[in-house]
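Quick notes on the structure that follows.
Side chains are part of it too, since the values below use all heavy atoms of this structure and drop only hydrogens, waters and symmetry mates.
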Amino acid sequence: MSIYAPQIMGIINTTPDSFYKGSRVSAADECVKQALFMKNSGASWIDIGGESTRPGAVAISSDEEMSRVLPALEAICKNVDIKISVDTRRSAVAREAVSLGASMINDVSGFEFDDAMASVVAKTGVLGVVMHSRGTPDTMQHQIAYDNFIDDTIKELETRIAKAASKGVKKEQIIVDPGFGFAKAYEHNLLLVKNLNQFNAMGFPLMIGVSRKNFIGRLMGEENPENRLNGSLAVTAYMLRDKPMYIRTHDVKETAALCKIYATLEGELL
């Protein structure tokens, strides 16, 4: 019997305005220290972001994003033996990131924001995360009307995957993320938690990212993201039953311990 062992992705944000201040690191040497800590704590991946995509966030330029992301990426690649994902919506940033060593592009727009993104992923052969969202970070929470939430979300993901495939992205490159917190009401996020198996049925590796998000705070009655660790772990534990392949988190050490306990109990119980 194979033991379920998801790949944990630690979040490093080279931004001044990401919603959780514990993830914000600006200087390249500090990014290296954080990446090394995350690796030693159980991370298989580091996800570097240079633009906040929290609800209401205002877009920055490609040049500004590159000035934040690329020095951190280059420093981590030179000093830490770990796989790197870059969280970006822009093909120019993705292209430069891959040239420096990134092996995954995590696009919160599902390749919709920049028409050239799918072609970059196809030509470079890296993994590409197709996440579900609508609009942009500053408009997405005004686009939360669905006829049938789970069905609509899956159909929209399938449309984006088909579009990516038409530009040369191979099935084995694609990872699906249902997009917790992106164009979702509180109730929608809970439906994602309870129906994650339906996204697994799409036939692609699944990424989840619920770490310290607003719906976690509402579940806990906790407005401050700094105090949402326990809620994040509880929701992640619930979803492990549906075997997501990637878990994106601010809290690598605690999430790795959770996954280890889950795998041990599953082995013992089965």
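- The shortest non-hydrogen separation linking S85 to N106 is OG-CB, 3.6 Å.
- F204 places none of its side-chain heavy atoms less than 4.5 Å from the side chain of M245.
- Of the inter-residue distances, the one linking D242 atom CG with N200 atom CG reads 6.5 Å to the nearest 0.5 angstrom.
- Heavy-atom contacts from other residues, nucleotides or ligands closer than 6.0 Å to NZ of K253 number 12 or fewer.
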(message) Between E65 and R89, is the salt bridge (charged side-chain N to carboxylate O under 4.0 Å, His left out) condition met? List the steps.
(response) CA-CA 10 Å; E65 188 178 358; R89 302 178 291 161; over 6 Å; no

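- To the nearest 0.5 Å, atoms OG (S41) and CD (Q34) are separated by 8.5 Å.
- A continuous path of hydrophobic side-chain contacts links I46 to V93 [ILVMFWY only; heavy atoms under 4.5 Å].
- The neighbour count for E223 CD, taken as heavy atoms of other residues, nucleotides or ligands under 6.0 Å away, does not exceed 12.
- Counting only distance, with no hydrogens or angles, the side chain of T249 and the backbone of S211 share no donor-acceptor pair below 3.5 Å.
- Among L100, I48, D87, the single residue meeting the side chain to side chain contact (heavy atoms under 4.5 Å, CB included) criterion with V69 is I48.
- The shortest side-chain heavy-atom distance between P244 and P6 does not fall under the 4.5 Å cut-off.
- Listed here is the closest heavy atom pair of M131 and R160: O-NH1, 3.6 Å.
- The structure places CD1 of I84 at 10.5 Å from CE of M104, a figure rounded to the nearest 0.5 Å.
- Heavy-atom contacts from other residues, nucleotides or ligands closer than 6.0 Å to CG of D81 number 12 or fewer.
- Contact annotation: the side chain of I105 never approaches that of V120 to less than 4.5 Å [non-hydrogen atoms, C-beta and beyond].
- Residues Y186 and L219 are in side-chain contact: their nearest non-hydrogen atoms beyond the backbone lie under 4.5 Å apart.
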(request) Carefully, step by step, assess N189 and R218 under the rule side-chain contact (heavy atoms from CB on, under 4.5 Å). (result) CA-CA 11 Å; N189 290 298; R218 184 165 170 183; over 6 Å; no

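- Legend: residues meeting ring-ring contact (aromatic ring centres under 6.0 Å, His included) with F199, ordered by chain and number and at least two apart, are absent.
- Cluster membership for M9 and Y4, using ILVMFWY side-chain heavy atoms within less than 4.5 angstrom, is not shared.
- Considering D47, I82, I12 in turn, I12 is the only one that fulfils the side chain to side chain contact (heavy atoms under 4.5 Å, CB included) rule with M38.
- Annotation: the span from M66 atom CE to E64 atom CD amounts to 11.0 Å, rounded to 0.5 Å.
- K167 places a side-chain N or O within 3.5 Å of a backbone atom of D115 that can act as its donor or acceptor partner.
- With values rounded to the nearest 0.5 angstrom, H132 atom NE2 is found 12.0 Å from F182 atom CZ.
- Side-chain N or O atoms of R68 include one that pairs as donor or acceptor with a backbone N or O of G50 at under 3.5 Å.
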(message) Quick one, M202 with I161, criterion side-chain contact (heavy atoms from CB on, under 4.5 Å). Give me CA distance, side-chain angles, the key distance, then yes/no.
(response) CA-CA 11 Å; M202 294 177 66; I161 290 168; 3.9 Å; yes

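- A donor-acceptor contact shorter than 3.5 Å links the side chain of K184 to the backbone of G179.
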(message) side-chain contact (heavy atoms from CB on, under 4.5 Å) for L73 and E96? Distances and angles first, verdict last.
(response) CA-CA 10 Å; L73 169 61; E96 291 298 319; over 6 Å; no

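- Annotation for F111 and A118: closest pair CD1-CB, 3.9 Å, computed over non-hydrogen atoms.
- No side-chain donor from either of S61 and D63 sits under 3.5 Å from a side-chain acceptor of the other.
- When hydrophobic clusters are built by joining Ile, Leu, Val, Met, Phe, Trp and Tyr residues whose side-chain heavy atoms come closer than 4.5 Å, directly or via intermediates, W45 is not grouped with V80.
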(request) Apply the test side-chain contact (heavy atoms from CB on, under 4.5 Å) to residues D114 and S91: give CA-CA distance (whole Å), side-chain angles for both, the deciding distance (0.1 Å), then the verdict. (result) CA-CA 6 Å; D114 186 334; S91 62; 2.8 Å; yes

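- Taking the side chain as every heavy atom from C-beta outward, E30 and K33 approach each other to under 4.5 Å.
- Contact detail for G42 and A256: the closest heavy-atom pair is CA-CB, 4.2 Å.
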(request) Starting from the C-alpha separation in whole Å, work towards a yes-or-no answer on salt bridge (charged side-chain N to carboxylate O under 4.0 Å, His left out) for E158 and K155. (result) CA-CA 5 Å; E158 289 175 338; K155 287 176 183 176; over 6 Å; no

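- C31 places a side-chain heavy atom less than 4.5 Å from the side chain of I76.
- One hydrophobic cluster, built from ILVMFWY side chains closer than 4.5 Å, holds both L191 and L240.
- Residues satisfying the salt bridge (Lys or Arg N to Asp or Glu O under 4.0 Å) criterion with E74, sequence neighbours excluded, are K78.
- Criterion: ILVMFWY side-chain heavy atoms under 4.5 Å apart, direct or through other members. Under it, V193 and L258 are part of a common hydrophobic cluster.
- Using a distance-only test at 3.5 Å, with no hydrogens or angles considered, no donor-acceptor pair links the side chain of Q7 to the main chain of Y246.
- When every heavy atom of A28 is checked against every heavy atom of P71, the shortest pair comes out as CB-O, 3.9 Å.
- In this structure, the side chains of Y262 and R241 come closer than 4.5 Å at one or more pairs of heavy atoms.
- Side-chain atoms of Q141 come within 3.5 Å of backbone N or O of A183 as a donor-acceptor pair.
- Of all heavy-atom pairs between L196 and P178, the closest is CD1-CG, 4.2 Å.
- Atoms CZ and CZ, from R228 and F215 in turn, are 10.5 Å apart once rounded to the nearest 0.5 Å.
- Under the 4.5 Å side-chain criterion, counting only non-hydrogen atoms from C-beta, V252 is not in contact with F37.
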